[in-house]
Structure formats: structure tokens, C-alpha cells
Undergrad: 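Mind looking over this structure? Questions follow.
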Protein chains: 2
Amino acid sequence: MLTKDFLRERHRDELSEEDIAALESAITEVRELGARQLLVRAGEPVTMSTLLLEGFMCRYMDDRAGERQLVAVHVAGDFVDLHGFPLKRLDHDVATLTGARVALVPHANLARIVAERPNLTKLLWFSTLIDAAMHREWIFRLGRLNAIGRISHFLCELDAKLQAVGRSDGLRFELPINQNDLGEACGMTGVHVNRILRQLREQKVLLFRNGMVEIQDRKRLERIGEFDPAYLYINGAEKR
Amino acid sequence: MLTKDFLRERHRDELSEEDIAALESAITEVRELGARQLLVRAGEPVTMSTLLLEGFMCRYMDDRAGERQLVAVHVAGDFVDLHGFPLKRLDHDVATLTGARVALVPHANLARIVAERPNLTKLLWFSTLIDAAMHREWIFRLGRLNAIGRISHFLCELDAKLQAVGRSDGLRFELPINQNDLGEACGMTGVHVNRILRQLREQKVLLFRNGMVEIQDRKRLERIGEFDPAYLYINGAEKR
DNA sequence: CGCAGCCTTGAAGTAAATCAAGGATTGTGG
DNA sequence: CCACAATCCTTGATTTACTTCAAGGCTGCG
């Protein structure tokens, strides 16, 4: 069942068995990808969308100097570039961060779903809106939090998303990226990420080493990052 | 024709006359709103969506200290909280910036459209994805541009959106907000906005006074803001 | 062994925040 | 009609968070 993590803990239960079967059969290919591999370049017409099955992917844009700004990080179960279907071309690049396994869905098959399955269509729409909600929180993070807050918030978000698909137990999870990647996500230099991680380590809040995140003091971490998971629309994680 | 500005210059031509009639008849009420009026509070269930007919609205979230971060600014023709239909509750507040006229669309009427009109549904979906694209550009702005770049980019975006709905001639447009609002959008203090506006004024790039923006040197403005309108998906404004 | 990639730390520089005060404009009530 | 209050704009002085530049160390690998 390739789509088992899609919308997991997020109204997946609203999908009928026929809806799920329709989605499964829309997949035409499964592919293994290496780390740091470009999948879609900004501006080029797209004809397929990518469902991430395993690993981490990201979406990003470059500034004039060629510096990256990540705008999204994706985990298993995410329909990474579903928005490419209505948009027809993307405004950003899509790439893997780590090794990954993906399922490919041609847009022609999505068109059939839209024509025939209003309920599934609405949930596909819903899933792109969760991405938009995460974008908004990303804006908040960059606009209103300082460096330690940004890193903390980002890692809280990742943990929550990974827990929803069974890839984190809430204490530790794998995140095989480097400090520079983290900086590109949180709008700061790799050097400063290093100093912030040291602070978090010294305060016994969080450890990030060898591609592994260990949350030592979740309360403090969430407080530092001003984190409230409501925006992730995960079942049961309502506004506190 | 209340919906005449909806998706104007953005594939509105893909809507059939019946689609447009269906959308028009989904509107149950038109309302005039004062400036700085809260419409939707984060977390509360929503049952209607708002099509902005005239004026400026915004969406924002507060940090712990109560400081606002704007995550979107809307102009005439924008379906401000259409995403509230699939999401059922919002992760942010929605308010007017200026006096405004809005059309209200109950979600029950949207449900009928989704059930009966796949083509219109896909364009409604599309319109929420343009918002997401603007969110991404907003992330880029905050993460990768300095203060003068952020202000410049933001005003370029507003001008492009307003031109698409005939509210800017490309030289000047009304924007009746204050410097502090601008700061809340661009992630900086009002004081610093003031200094940046002075720079833009002294360099004869742009004037912002009395709620009116005058673009004096568009080339420079776009260059300072690293602005490329491709992400707005406005017809004819393709990737350069 | 020697190189590449990543992490770590220090020192100096800079963009923006903060604190503070005054000035202009508009509205308001006596 | 004018005093004054409120709001917004403007500018200066100081502080702070983060960047930049630089160098060295660790680890794994061909």
C-alpha cells in the first residue's frame, strides 16, 4: 500500500476504499533517488507529481547570489508537488535532501480523479492547504523569532510531522542533513546554526549529531520556538 | 458582476458562463467593513468564505509578545479565506487593513460546486495555490533579502497584483496603510521601515506618502527586491 | 597518507532593534 | 476657533544579534 502514509492522522479516514484504490492506481512508477538530487526545476512545465514514500525532500528558491532559501521540507506521506497539477509549472525547485523513495503520479491520472471523485479531490486540495499552512508558519518563524527560536520551532515541526507517520517516537528521530541545510531552512548561516545548537546542547534542551535529533526537554524546546502544532491539522493536535 | 476580479488575468477565461453563474449565485451577502476590523479569529470554526471586492485585507499571526506577523495581504478579486472551506478552521486571523467591501460565500454553496463542477473546483483550488506561491515568495523575502530588498519586493508584488485587477497603472497606486503595517509585513520595526523609505526616496526609486505609492524607477526597484513576477501566475508575466 | 566535507570556535564588522525625543497632521471638545 | 490629544512620521544615539572572515580539528575515504 504505497499511499498508506498520505494524510495519515489527517482525515485519511474520510477516504473511501474506492478513493484509496483510485489513488493507488494513479501511481505509475516507484523510484529510488540519491541524496541531493534535483527533481523539478522552477519554471519548467510539470506533468507528474511526486508522493514521497521514504526519506526527506525539500523545496527551495535561490537568491541572486545563488544562496538557497528552503520553503518546505517534506517527509514520508507528503505529496511533495501536488500543487504542480493545477499550477502546471512550479515557482521553485524540488530536490531530495537525503536518499528517498518516491511514487510518481501523472497529471492525466489526477485529472481523472478530479472529474470523477469529488471527495478525494477535496482531500487532495486539503493536503495542498496544509502545505500552505506550513508556509505561513515558516513566515512567522522567519519574521518573528530569533535564531534559537527558529531552529527550535523548525525541529518541533519536523518531530510532529514525523510522529504522525511513525518516524519519530517523540524523543529522537533521524534527520540526515548538515548544519548548513538547517541554516538554509531557518534563514541563517551555517556558522550561526552551530552556535545555536551549542546553546541548545548546553542547556540540555536538544542534541543534533550525526544526523540524529534527540529532544531532551520538549517543554523548553516548544517554549523557545513558540510552537503550537494546531497549524499542522493533525488529528487530535488541536489548538491548546 | 461581483466576481469580475476573481482570477482576473489568471485563467479566468477557463471558466464557462455556467461556472461564473454558479459562483455568482453562491454569494449570499455583500458587506461593507471599516478599517482594521477582525473577521475571523484563528482556531474558530468557519462556515463562510470571503471574496474581497474592494480595499485591502490581511492575514496574520501573533507571537507570544503579541507582535503581529502578516502572512498575506489581499486586494480586490482575492478569495481571502477560501482555504477555510477544506480546512474548516484557520491557523491565523483575518482582518481588514483599510475600509473594504466583501462578498460572503457559505461553505455549503462551495460544497455544491465541488460536487457538481469539477472545472470550477479546479480553478478554486488553483486560486488557493497562488496564495501558497505568494507565501513561498514571502518566505524568500524574509529569509534572503535585507530590509530595503524586502520592502522593495513587497511593493513590487502589490503593484503587480493591483495592475492585474486595474487598481494600479504601474506608476502609482493607493495603499492606505502606515509604516508600522509595512513593518509587520516585512518583518522589521516601523522605525526601520521609515529609514528604508527615506533611502528609497533619496535614491529616487519610490515614494510612499499619504497612503499613496509612487514608483519612480521600476527597474531599480525590481532589482533591489530581486523581483520576478513569475510566481504570481498572472497571464503574460512568465519567467523572464 | 592526504584530501574532502563537516563541525567548531574566535575576532571583527554590520544591519537592524531599541530607546528616546521632537515634529507634523488631523480630529475633537470646550 | 483654538487648545490638546492622538496618531503617525522622523531622526539621533546606543545596543544587540547575526554575519563574515579566518583558522584549526575531526572523521571517513580513496
Side-chain angles (χ1 to χ4, degrees), chain A residues 34-36 63-69 97-99 141-154 174-203 206-214 224-226, chain B residues 34-36 56 63-69 97-99 141-155 174-203 206-214 224-226:
Chain A
R36 295 169 192 285
D63 68 8
R64 190 164 28 228
E67 295 292 301
R68 275 184 178 195
Q69 174 63 50
L97 277 170
T98 68
R141 194 149 69 207
L142 293 179
R144 280 289 166 261
L145 300 183
N146 62 10
I148 192 168
R150 297 207 288 277
I151 296 279
S152 300
H153 186 288
F154 177 71
E174 272 188 60
L175 183 66
I177 67 176
N178 64 36
Q179 296 182 356
N180 212 50
D181 297 327
L182 211 46
E184 288 177 343
C186 295
M188 70 187 81
T189 60
V191 172
H192 202 54
V193 169
N194 183 281
R195 294 188 228 265
I196 297 297
L197 288 177
R198 170 152 60 126
Q199 280 184 50
L200 288 169
R201 191 184 335 123
E202 285 172 355
Q203 295 179 36
L206 177 134
L207 262 167
F208 177 47
R209 273 185 323 194
N210 307 327
M212 177 72 75
V213 174
E214 283 183 54
I224 294 170
E226 302 195 16
Chain B
R36 294 170 193 285
F56 291 89
D63 69 7
R64 190 165 26 229
E67 295 293 300
R68 275 184 178 197
Q69 174 63 49
L97 277 169
T98 68
R141 194 149 69 209
L142 293 179
R144 280 289 167 262
L145 300 182
N146 61 12
I148 193 168
R150 296 208 288 275
I151 296 278
S152 300
H153 186 288
F154 176 72
L155 293 174
E174 272 188 61
L175 183 66
I177 66 175
N178 64 35
Q179 296 182 356
N180 213 48
D181 297 327
L182 211 47
E184 288 176 346
C186 296
M188 69 187 83
T189 60
V191 171
H192 201 54
V193 169
N194 184 282
R195 294 188 227 264
I196 297 297
L197 288 176
R198 170 151 61 126
Q199 280 184 49
L200 288 169
R201 190 185 334 122
E202 286 171 355
Q203 297 180 34
L206 177 133
L207 264 167
F208 177 46
R209 274 184 322 194
N210 307 329
M212 178 71 77
V213 174
E214 284 183 54
I224 294 170
E226 302 195 15

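Computed from a predicted structure; not experimentally measured. Note: hydrogens, waters and symmetry copies are ignored here, and every other heavy atom, side chains too, is used. Just so it is clear: chains get the letters A, B, ... in the order the sequence lines come, proteins before strands, and each one is counted from 1.
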Undergrad: Looking at B:R150 and B:R141, would you say the former's side chain and the latter's main chain have a donor-acceptor pair under 3.5 Å?
TA: no

Undergrad: Side chains of B:M188 and B:V193, heavy atoms from C-beta outward: is any pair under 4.5 Å?
TA: yes

Undergrad: Looking at every non-hydrogen atom in both residues, tell me the closest pair between B:E184 and A:R144 and how far apart they are.
TA: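 Nearest heavy atoms, B:E184 then A:R144: CA-NH2, 3.8 Å.
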
Undergrad: By side-chain contact (heavy atoms from CB on, under 4.5 Å), which residues pair with A:Q199, not counting sequence neighbours?
TA: A:I148, A:I196, A:Q203

Undergrad: Taking the side chain from A:E214 and the backbone from A:L206, do they hold a donor-acceptor pair closer than 3.5 Å?
TA: no

Undergrad: Throw together a table of side-chain donor-acceptor distances under 3.5 angstrom for residues 175-182 of chain B, partners on residues two or more places apart or in other chains.
TA:
| unit_1 | atom_1 | unit_2 | atom_2 | d |
| --- | --- | --- | --- | --- |
| B:N178 | OD1 | B:N180 | N | 2.9 |
| B:N178 | OD1 | B:D181 | N | 2.8 |
| B:Q179 | OE1 | B:N194 | ND2 | 3.0 |
| B:D181 | OD1 | B:R36 | NH1 | 3.3 |
| B:D181 | OD2 | B:R36 | NH2 | 2.6 |
| B:D181 | OD2 | B:N178 | N | 3.1 |

Undergrad: How does protein contact run along nucleotides 24-30 of chain D, one letter per nucleotide 5' to 3', with B for base contact, S for sugar-phosphate only, - for none, heavy atoms under 4.0 Å?
TA: -------

Undergrad: Using a 4.0 Å heavy-atom cut-off across all strands, classify A:N194 as base, sugar-phosphate, or nothing.
TA: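 Base contact - A:N194 has a heavy atom under 4.0 Å of at least one base atom.
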
Undergrad: Do side-chain atoms of B:N210 reach the backbone of B:M212 as a donor and acceptor pair under 3.5 angstrom?
TA: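 No.
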
Undergrad: Could you write out DNA chain C as a dot-bracket string, with dots for unpaired bases, | for bases paired across to another strand, and Watson-Crick or G-U pairs counted at under 3.5 Å?
TA: ||||||||||||||||||||||||||||||

Undergrad: Around A:R64, counting heavy atoms of other residues, nucleotides and ligands shown, do more than 12 lie under 6.0 Å from its CZ?
TA: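 Yes, CZ of A:R64 has more than 12 neighbouring heavy atoms, counting only those of other groups under 6.0 Å.
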
Undergrad: Identify each atom pair where a protein N or O and an N or O of nucleotides 23-27 of chain C are less than 3.5 Å apart, giving names and distance.
TA:
none

Undergrad: Quick one: what's the B/S/- string for nucleotides 12-22 of chain C, heavy-atom cutoff under 4.0 Å, read 5' to 3'?
TA: ----SSB----

Undergrad: From CD of B:Q179 over to P of D:dT7, roughly how many Å is that when rounded to an integer?
TA: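 Result: 16 Å.
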
Undergrad: Please name the pair of heavy atoms, one in A:C186 and one in A:L142, separated by the smallest distance, quoted to 0.1 Å.
TA: O-CD2, 3.4 Å

